[in-house]
Amino acid sequence: MSCLACVVGLGYVGLPLAVALAEAEVEVVGYDVNPERIAGLRAGCSGIEDVPDAAVSTPGLSFTSDSGDLATCQAYVLCVPTPLREGMPDLAAVESASRTVASVLRAGDLVVLESTTYPGTTEEVVWPLLDAGSGLVAGRDYLLAYSPERIDPGNPTYGIRNTPKVVGGIDGPSTKAAVDFYAQVCDTVVQVDGTREAEMAKLLENTFRHVNIALVNEMAVFCRELDIDLWQVIEAARTKPFGFMPFYPGPGVGGHCIPVDPSYLSWRVRKMGFTFRFVELAQEINAQMPSYVVTRLTDLLNDAGLALSRSKVLCLGAAYKPGVADCRESPAIEVMKRLRRKGAEVSYADPYVPELVLEGERLSAEPLTQQVLAAADAVVVLTPHAGFDLELVRAHAAFVLDTRAAVLAGDRVFRL
Ligand SMILES: NC(=O)c1ccc[n+]([C@@H]2O[C@H](COP(=O)([O-])OP(=O)(O)OC[C@H]3O[C@@H](n4cnc5c(N)ncnc54)[C@H](O)[C@@H]3O)[C@@H](O)[C@H]2O)c1
């Protein structure tokens, strides 16, 4: 199936898909409401770490913020943000993107929602907007499906091609059309019966991760009191060849997915009178981790005869995970804010994040040098980017609180 495709929303999810389609010789129009984003892409700047600048010039790929340019497209993939607003799903971008697509939709076209959302969104939110705006009827005049995005930014092993893609349509022809569409860029397409199953599959994956991270984070807190090295425990447990999958403790959870997606499901089930207790407990535990990191650091400084309020603290890593610049919901940022509120003088190093604004104050990243390390009373490892010279850290930091077990053990290295 080759057609003129349109990817709506050109961020972490949409741009890699648009590039992959163009590389598979599908003609693609990338559409984004942000004109600055389009100007940057047209100037050859990807803005996403996993997408090299050269890739945005792949033949067959064009960019626009004018919905009039979409009129001849035949397949639309919606990759727009789905944040939480005061704990509630904010589907404003999905609704607005659906209206845009409805304004250009023609009989025979395929529409796929990829944004992560609660089960029922494709049928209850997107479908009515598409029908109303186009005067067409899904299932009769056009095809409609959901396919969760599983992209893992910064993952060098798994990308669009070799990560199986789950697809579910509102009916058989919609599912088939979506399967054929993704088969152009994915080696394995996994078909489920409907859009709700596909929506739920994504939420199960991320809730599973969220809950398991909370499990090890809670264990980290009492393993410390028991004087047990949890990382060693995990390495031992993972030697079991079946029935166990390792998860690691840290300063909390971040990014656009893990802290957000389970709340979509929790919100949806609450509307039916249920409480999703696992998610709520996991949220509570993971949300407490930044504060636990600050408590641990305060105690360690105290042992060294120092007060946090008069200490210089260098934080390593601001992004929510290694290898990316994305600071959305980053627990590292939360730790830095809390340290500042306690009066600490906070600086940070992050090769991916040259600047950040913390509660109105602009900070610039420090280079990770011997002098910078030596000038700090304490170093906290929050996001261990591969580029960090952790041996240098170990050698020159007064002491290190390592929330990720990234630094080799030493007299002045303390794990979370
Ligand atoms: N980032 C990830 O790792 C990841 C992984 C899997 C799933 N997801 C999900 O994919 C979706 C998109 O996430 P993202 O990280 O790519 O977001 P993003 O913020 O990086 O990019 C979204 C883009 O959509 C554009 N946009 C917003 N409203 C629009 C509209 N009405 N029409 C056209 N463009 C619009 C924005 O300008 C932005 O460029 C979310 O639902 C997210 O939960 C993200």
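Numbers for residues simply follow the sequence, beginning at 1. Just so you know, ligand 1 is whichever comes first in the structure, and atom 1 is the first atom listed for that ligand.
Contacts of R341 classified as salt bridge (Lys or Arg N to Asp or Glu O under 4.0 Å), with partners at least two apart in sequence or in another chain: E359. Every residue meeting the ring pair (Phe, Tyr, Trp, His ring centres under 6.0 Å) condition with F208, not counting sequence neighbours, appears here in chain and number order: F247. Residues satisfying the side-chain contact (heavy atoms from CB on, under 4.5 Å) criterion with I228, sequence neighbours excluded, are C223, L226, V233.
Counting only heavy atoms from C-beta outward, the side chains of V56 and F63 approach each other to under 4.5 Å.
Ring-plane geometry between F414 and F399 is classed as perpendicular, the angle between the planes exceeding 60 degrees on a 0 to 90 degree scale with a lower cut at 30.
The number of heavy-atom neighbours closer than 6.0 Å to CZ of F274, taken from other residues, nucleotides and ligands shown, is 12 or below.
Protein residues with a heavy atom under 4.0 Å from ligand 1 are V8, G9, L10, G11, Y12, V13, Y31, D32, V33, N34, C79, V80, P81, T82, A93, S96, A97, S115, T116, E149, I151, P153, K202, H256, C257, R328.
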